[in-house]
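The figures that follow rest on heavy atoms only: side chains count, while hydrogens, waters and symmetry mates do not.
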Amino acid sequence: MGLERFANATHLLNILYLGLGASALCFVTWNLAVKVLGAVKTSVYIYMVPVITVVTSVLALKEPVTWVSVMGTFLAVAGLFLSEYNRK
């Protein structure tokens, strides 16, 4: 597990993608969402991450849709709607 693994272009590009794409870009967009929506409303939408993960894995990775992923997606969306429901 030495530094020679970074000589492989694929490994290096994966680390750059994770560092710049997944970490830095997500951090910036999260802070922008907090600025626009506020901290409380933005924190509610963190529960959409599993839903986005399921949809992306089906579209990008051609993963099968299982009943567990459908139920998890349904429960996440239902929880989001319940938390945002206003009884006026």
Sub-3.5 Å donor-acceptor pair from the side chain of [X] to the main-chain atoms of [Y], do we have one?
X: Ser57; Y: Val54; value: yes
X: Ser69; Y: Val65; value: no
X: Thr42; Y: Ala39; value: no

Handout entry: Residue that, paired with Val55, satisfies side chain to side chain contact (heavy atoms under 4.5 Å, CB included) out of Leu59, Val58, Ile52
Key =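 The residue from Leu59, Val58, Ile52 that satisfies side chain to side chain contact (heavy atoms under 4.5 Å, CB included) with Val55 turns out to be Leu59.
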Practice task
Under the side-chain contact (heavy atoms from CB on, under 4.5 Å) rule, what do Val51 and Val77 come out as? Steps first, then yes or no, please.
Solution key: CA-CA 8 Å; Val51 175; Val77 172; 3.9 Å; yes
Going only through I, L, V, M, F, W and Y residues with side-chain contacts under 4.5 Å, is there a path from [X] to [Y]?
X: Tyr47; Y: Val34; answer: yes
X: Phe81; Y: Phe74; answer: no
X: Leu37; Y: Leu32; answer: yes

Quick one: [atom1] on [X] to [atom2] on [Y], what's the gap to the nearest 0.5 Å?
X: Ser43; Y: Trp30; atom1: OG; atom2: CH2; answer: 6.5 Å
X: Asn8; Y: Ile15; atom1: CG; atom2: CD1; answer: 10.0 Å
X: His11; Y: Leu16; atom1: NE2; atom2: CG; answer: 13.0 Å

